[in-house]
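What's counted below: heavy atoms across the whole structure, side chains too, no hydrogens, waters or symmetry copies.
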Amino acid sequence: MVVAIDGPAGSGKGTVASILSKKYNLINIDTGATYRCVALKAIRNNCVDDINKIIELSNNIDIKFDLNNNVYLDNEDVTELIRSKEVTKIVSPISSIVEVRKNMVDLQRKLASNSSVVMEGRDITTVVFPNADYKFYLDASIEERAKRRFIQNQEKNIDMSYEEILENIKARDYNDMHKEVGSLMRTDEQVYIDSTNMTIDEVVEEMSKVIEVK
């Protein structure tokens, strides 16, 4: 079974996917984290401006997820490191590189090849798993998404102002919707949910109704 969730940054996809994974015994694969791993590796290799080197890194990268939603890059737990300000600033343009996108899609499909999964990102319902059993588009106003990310960063001791986060999300929205490959888009097949005025529990309940009816 594949539950696919698309939506913009800060819409709550990661939190919802984590809850659904536990509720329905699914492996939770955060596709955004795979691009963040590439970005972190590019920073460590001092090649954030070298597209060819970044492509090479993405073609030879070891990324794994465990049942506790931890992310491993080359066998190192980087769950917190990939959420840093430095990674966040460069992950969107790196994910726009066509060859990197193709390499990560191959990796994501491989990760999901032998398990029932919930997978969230920008192009899961349209590119990675166009034949997914369940397709959702989770949205929220840009102000609400920035507010959520600000609170989340405070809890993780990540020093970014609300204004900085808001501008970052605006830039990411534009990049995500104008990618040459794997752009974020709405389709008629997706179940659209605007979570601006909803709690996480209400979003999960709405999705669960769709899953259980089918």
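Between K102 and I55, the closest side-chain pair of non-hydrogen atoms is not below 4.5 Å. The closest side-chain heavy-atom distance from E56 to N59 is not below 4.5 Å. Counting heavy atoms from C-beta outward, T88 and R83 have side chains that stay 4.5 Å or more apart. With contacts defined as side-chain heavy-atom distances shorter than 4.5 Å, the pair V71/T79 qualifies. Y137 has its side chain within reach of P8: a pair of non-hydrogen atoms, C-beta onward, lies under 4.5 Å apart. In this structure the side chain of M119 never reaches within 4.5 angstrom of the side chain of I27, judged on heavy atoms.
In I51, the CD1 atom is not crowded: 12 or fewer heavy atoms of neighbouring residues, nucleotides or ligands sit closer than 6.0 Å. More than 12 non-hydrogen atoms from other residues, nucleotides or ligands lie less than 6.0 angstrom from CG of N60.
Side-chain N/O atoms of N103 and S58 include a donor and acceptor closer than 3.5 Å. Defined by atom type and a distance below 3.5 Å, a donor-acceptor pair is missing between the side-chain atoms of E120 and T31.
Both F65 and V2 belong to a common hydrophobic cluster when Ile, Leu, Val, Met, Phe, Trp and Tyr are linked at side-chain heavy-atom distances under 4.5 angstrom.
Atom CG of residue D139 and atom CG of residue D6 lie 11.5 Å apart, to the nearest 0.5 angstrom.
For D74 and K41, the salt-bridge test passes: some basic side-chain N is under 4.0 Å from an acidic carboxylate O. Ionic pairing of D123 and R101 is present here: one or more N-O contacts between side-chain nitrogen and carboxylate oxygen are shorter than 4.0 angstrom. With respect to the salt-bridge test (charged N to carboxylate O, under 4.0 angstrom), the residues E167 and K170 qualify. Electrostatic pairing of R145 and D173 counts as a salt bridge here, judged by a charged N lying under 4.0 Å from a carboxylate O.
Panel note: side chain S84, backbone L81; a donor-acceptor pair is recorded below 3.5 Å.
In plain terms, the two heavy atoms of T125 and I5 that are nearest each other are CG2-N, 4.5 Å. For the residue pair I54 and A42, the shortest heavy atom distance occurs at CG1-CB, 4.1 Å. The two atoms that bring L111 and I63 nearest to each other are CD2-O, 3.9 Å, heavy atoms only. Across every non-hydrogen atom of D66 and N70, the tightest pair is OD1-N, 2.9 Å. The two residues M1 and Y24 come nearest to each other via the heavy atoms CE-CB, 4.5 Å. Shown here for V203 and S195, the closest heavy-atom pair between the two residues is CG2-CB, 3.7 Å.
Under the side chain to side chain contact (heavy atoms under 4.5 Å, CB included) test applied with R172, the options K89, R122, M177 reduce to a single match, R122.
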* Give the intermediate values and the outcome of side-chain contact (heavy atoms from CB on, under 4.5 Å) for residues T187 and Q190. => CA-CA 6 Å; T187 72; Q190 299 158 337; 3.3 Å; yes
* Verdict with supporting geometry, E144 and R148, salt bridge (charged side-chain N to carboxylate O under 4.0 Å, His left out) -> CA-CA 6 Å; E144 177 64 21; R148 291 173 184 174; 3.0 Å; yes
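Residue pairs satisfying the salt bridge (Lys or Arg N to Asp or Glu O under 4.0 Å) criterion with at least one member in residues 187-198, sequence neighbours excluded, are listed as follows: K135-E189.
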